Amino acid sequence: GQQAGGQGDGEIGMLRARLDREKMNRNSLEEELGRARQEVYELTAAAEKEGQTGVLRERLQREAQGRRQLEEELRAVREEASFAASRLDIESEARGDLEAELNDTKQELSKSRMDYQDAAQALNKASKEQREAKQREDEARKEAEGLRKGAEEARRQAEEGVRAAE
């Protein structure tokens, strides 16, 4: 039980770390995208001053392509982060289920222990009662033996009395 919980914690930790990495990656891609946009803006301004529209158009197309690529990478990173977050939710839920199952098992074990203790007490009580009954039986047997010997002695004396009377 403890091991399963520890394993769940490790997997959740790994997912959290992955989510953090994805967020940092996304932030750096967003910064790169911002710089690319700023560079396009600056190039546009510079080219307008110099009148190099053909060179500017070519550079703008390359920048736009680079920007589209960055946006695609950013989208992929967002999807990955979303997947990691949903995986984290699933792992947390599974861990909750395992903890509930563990608590149920602990309760069952506790009840079994109590049942065992009750049975052990009942057995001890029955053993004690059995010993006491045997003790009473032994006492009764000794008493009966004493009475039998007393009766035999009385009969013997009576027979001797009869003989003496004859």
Side-chain angles (χ1 to χ4, degrees), residues 1-38 65-166:
Q2 192 66 35
Q3 194 175 8
Q7 190 177 358
D9 285 348
E11 202 163 343
I12 289 172
M14 283 171 33
L15 286 168
R16 283 210 172 100
R18 186 167 160 196
L19 189 57
D20 290 344
R21 282 195 307 276
E22 296 297 350
K23 284 179 184 171
M24 283 169 41
N25 196 0
R26 185 181 72 197
N27 290 342
S28 79
L29 285 172
E30 283 174 343
E31 286 171 16
E32 213 173 315
L33 188 57
R35 282 194 298 274
R37 286 184 180 140
Q38 181 62 32
Q65 189 176 351
R67 189 178 72 231
R68 281 193 298 276
Q69 192 177 344
L70 282 174
E71 286 170 344
E72 183 60 31
E73 285 180 35
L74 183 59
R75 189 188 58 72
V77 165
R78 282 185 181 135
E79 283 178 10
E80 186 64 34
S82 172
F83 172 77
S86 67
R87 180 70 199 263
L88 183 61
D89 289 343
I90 291 167
E91 291 299 331
S92 294
E93 193 176 313
R95 180 179 175 202
D97 292 347
L98 282 173
E99 285 174 349
E101 202 174 309
L102 179 63
N103 287 336
D104 291 348
T105 304
K106 284 179 181 173
Q107 286 176 343
E108 287 173 22
L109 181 60
S110 178
K111 185 183 182 312
S112 293
R113 277 196 194 115
M114 285 169 31
D115 290 348
Y116 171 79
Q117 287 171 347
D118 290 348
Q121 285 175 345
L123 181 62
N124 289 340
K125 185 178 177 191
S127 295
K128 183 180 173 191
E129 288 172 0
Q130 186 180 14
R131 280 193 306 274
E132 289 170 354
K134 187 178 180 342
Q135 197 174 353
R136 286 192 301 273
E137 184 184 337
D138 289 347
E139 288 169 5
R141 189 175 295 121
K142 284 177 189 169
E143 198 176 319
E145 182 66 23
L147 290 173
R148 189 185 59 76
K149 282 183 178 172
E152 245 178 54
E153 181 63 26
R155 188 180 47 104
R156 194 181 54 74
Q157 286 177 1
E159 284 175 359
E160 280 178 15
V162 167
R163 269 193 235 114
E166 286 174 354

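Keep in mind that this is a model prediction, so the values were computed, not measured.
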Sequence neighbours left out, what passes side chain to side chain donor-acceptor pair (under 3.5 Å) with R37? Give chain and number order. E71
Residues at least two apart in sequence or cross-chain that pass side chain to side chain donor-acceptor pair (under 3.5 Å) with E145, listed by chain then number, are R148
Salt-bridge test for R26 and E22: reply yes if a basic N is under 4.0 Å from a carboxylate O, no otherwise. no
Heavy atoms from other residues, nucleotides or ligands near CD of E101 exceed 12 (cutoff 6.0 Å): no
If you look at every heavy atom in L19 and A85, which pair is closest and at what distance? CD1-N, 4.1 Å
By salt bridge (Lys or Arg N to Asp or Glu O under 4.0 Å), which residues pair with R18, not counting sequence neighbours? E80
Solution key, residues 109-118 side-chain donor-acceptor pairs under 3.5 Å, sequence neighbours excluded:
| residue | atom | partner | partner atom | Å |
| --- | --- | --- | --- | --- |
| K111 | NZ | D115 | OD2 | 3.3 |
| S112 | OG | E108 | O | 3.0 |

Scan residues 154-166 for pairs that pass side-chain hydrogen bond (donor to acceptor under 3.5 Å, both in side chains), counting only residues two or more places apart or in two chains. E153-R156, E153-Q157, R155-E159, R156-E160
Pairs satisfying salt bridge (Lys or Arg N to Asp or Glu O under 4.0 Å), at least one member in residues 120-135, at least two apart: K134-D138
Run the numbers on R136 and E139 for salt bridge (charged side-chain N to carboxylate O under 4.0 Å, His left out), then give the verdict. CA-CA 5 Å; R136 286 192 301 273; E139 288 169 5; over 6 Å; no
Take atom CD of Q69 as the centre, draw a 6.0 Å sphere, and report whether it contains more than 12 heavy atoms from other residues, nucleotides or ligands. no
Salt-bridge test for R16 and E91: reply yes if a basic N is under 4.0 Å from a carboxylate O, no otherwise. no
Separation between CG (L102) and CG (D97), nearest 0.5 Å, reads 12.5 Å
I'd like to know if R95 and E11 make a salt bridge, using a cut-off of under 4.0 Å between side-chain N and carboxylate O. no
